[in-house]
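Structure record follows, encoded as structure tokens.
Residue indices begin at 1 and follow the sequence shown. One-based numbering, in listed order, for ligands and for the atoms of each.
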Amino acid sequence: MFGALRSLPSVPLGPGPTPVEELPRLRTALGGGPRLLVKRDDAIAFAFGGNKVRKMRLVAARAQEDGADTLITTGGVQSNHARVTAAAAAKLGLKCILVANGTAPEHPTGNALLDRLLGADVRYVASREARAPAMAAAAEEVRRSGGTPCVIPLGASTPLGAAAFVGAIAELGDQIDPPDVIIHATSSGATQAGLAAGCLLSGWATRVVGISADESAGSLERDIRGILSGLGPLLGFDAQRFAQVPVEIDDTFVGAGYGMPTAASREAIELLARTEALFLDPTYTAKAMAALVAYVRRGALAEKDTVLFWHTGGQVGLFA
Ligand SMILES: Cc1ncc(COP(=O)(O)O)c(C=O)c1O
């Protein structure tokens, strides 16, 4: 059913399936509405977990196969993906160079603190545009000194990164009946591409709704469709296999911008902590949960439906 998925090499970063839990006290606090579930990728045991660990299991395995001795990637100063890349490098005995856009913090906190503890070589650039050239320069430097770099694009949002989320749907299918709706945070796109493709391959009619953390729906959809066109061949299908996959994105919960809290995201963080002892991160999952809360309140989700919130982690950001 999932094509060549099972034959993709993977490194064991943290043990198996993440829990699926009911959210009964949240549902009561919202005055009823659909059945609410959460998929706890925030509870992945490796390096504070999150969706980036799923991607890294496949991406790091490919890097090892290719003989890489240095992982190079990029993101913001508080990037979850950068932290997971640094952690994978440490665990696998590889070196790690992180290109972070922003200024070097005087007293590193959150992910920046973990990057340092993990021994990553963090290099700061002034803008998002400067990230790709800085990664290319770092890769060249590694090659010149006789090493083999592996450059991992932003968020590991490649077809291989998306394949990890096809696997996540296979995992979910062993745990519960297909939910009617999955709601999750989306940004560089591979999580949503993989979830949507996994639902298609499973024959599920599940709606996968990505709540943008930054980009417009139009630009995200373009990115996700690009990833999907590479995912088909990676799994042994043709490039058109996922062309008809619905890509549903809501970009109305971003507020003033990436990482900027909104009244609704602040409320979501407190609500989930106080009703379910679940911790959301300010940049991604709080905005995704704010959307879920708003949908329930405005009656946009049917009472008879099961809605699954895919918790993609990032809670280290609470301590930034
Ligand atoms: C906690 C968290 N949730 C969601 C996302 C979005 O995932 P993706 O980049 O695959 O769209 C990210 C990373 O960007 C993240 O760190």
Side-chain angles (χ1 to χ4, degrees), residues 18 38-44 47-59 73-87 101 110-112 114-115 128 131 152-169 182-198 208-217 219-228 231 247-251 253-254 258-259 265 268-269 272 278-292 309-320:
T18 57
V38 60
K39 177 74 168 154
R40 298 285 313 272
D41 279 7
D42 60 314
I44 290 176
F48 293 105
N51 62 335
K52 306 302 182 186
V53 179
R54 286 191 187 272
K55 297 176 179 182
M56 194 53 59
R57 290 173 182 148
L58 303 189
V59 169
T73 198
T74 190
V77 175
Q78 287 294 337
S79 164
N80 297 305
H81 162 67
R83 177 242 312 160
V84 169
T85 304
N101 65 288
N111 284 308
L114 298 178
D115 295 343
R128 287 183 171 207
R131 297 191 294 209
I152 303 170
L154 182 72
S157 274
T158 58
L160 194 57
F165 276 88
V166 174
I169 289 292
I182 293 174
I183 294 177
H184 70 97
T186 189
S187 179
S188 60
T191 300
Q192 185 160 6
L195 291 175
V208 176
V209 184
I211 311 300
S212 174
D214 44 11
E215 302 296 337
S216 70
S219 102
L220 258 166
E221 177 168 356
R222 269 193 302 283
D223 292 348
I224 291 170
R225 295 225 174 270
I227 296 167
L228 285 168
L231 181 60
V247 174
E248 199 177 333
I249 296 158
D250 186 341
D251 61 6
F253 289 85
V254 176
Y258 177 78
S265 72
I269 289 177
L272 266 288
L278 272 186
F279 297 109
L280 304 173
D281 84 294
T283 304
Y284 300 97
T285 53
K287 288 180 179 174
M289 181 54 81
L292 184 152
F309 181 75
W310 203 296
H311 194 324
T312 48
Q315 60 276 27
V316 169
L318 280 174
F319 307 102

- Hey, is CZ on Phe48 packed in by over 12 heavy atoms from elsewhere, all under 6.0 Å?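 Count not over threshold, so no.
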So which protein heavy atom does [atom] come closest to, and at what separation?
| atom | result |
| --- | --- |
| atom 16 (O) of ligand 1 | Asn80 ND2, 2.8 Å |
| atom 9 (O) of ligand 1 | Ser188 OG, 2.5 Å |
| atom 5 (C) of ligand 1 | Asn51 ND2, 3.5 Å |

- Item | Proximity to ligand 1 by part of Thr312, non-hydrogen separation under 4.0 Å |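 Both backbone and side chain of Thr312 come within 4.0 Å of ligand 1.
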- Measure Lys52 to ligand 1 on non-hydrogen atoms and call it side chain, backbone, both or neither using the 4.0 Å cut-off.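 Only the side chain of Lys52 comes within reach of ligand 1.
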Verify, without hydrogens or angle tests, whether [X] (side chain) and [Y] (backbone) share a donor-acceptor contact under 3.5 angstrom.
| X | Y | result |
| --- | --- | --- |
| Asp41 | Thr312 | no |
| Arg83 | Ala47 | yes |
| Lys287 | Ser265 | no |
| Gln192 | Glu248 | yes |
| Asp251 | Ser216 | no |

- Query: Can you find a side-chain donor-acceptor pair between His81 and Thr73 that sits under 3.5 Å?
  - Reply: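 Distance-only check passes for His81 and Thr73.
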- Query: Do Arg54 and Asn51 get their side chains close enough for a donor-acceptor pair, meaning under 3.5 Å?
  - Reply: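 Judged by distance alone, the side chains do not pair up.
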- Any non-hydrogen atom of His184 lying under 4.0 Å from ligand 1?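 Heavy atoms of His184 never come under 4.0 Å of ligand 1.
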Taking only heavy atoms of [X], which atoms of ligand 1 are found under 4.0 Å from at least one of them?
| X | value |
| --- | --- |
| Ala185 | 4 (C), 6 (C) |
| Thr186 | 11 (O) |
| Gly314 | 1 (C) |
| Ala190 | 10 (O) |
| Gly313 | 1 (C) |
| Thr191 | 7 (O), 8 (P), 10 (O) |

- State whether the shortest distance between N or O atoms of Gly189 and N or O atoms of ligand 1 falls below 3.5 angstrom.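 The answer is yes, given that Gly189 and ligand 1 share an N or O pair closer than 3.5 Å.
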- Please confirm whether Lys55 comes within less than 3.5 Å of ligand 1 when only nitrogen or oxygen atoms on both sides are compared.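 Among all N and O atoms of Lys55, at least one is under 3.5 Å from an N or O of ligand 1.
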- Decide yes or no on side-chain contact (heavy atoms from CB on, under 4.5 Å) for Lys55 and Ser157, but give the supporting numbers first. CA-CA 8 Å; Lys55 297 176 179 182; Ser157 274; 3.2 Å; yes
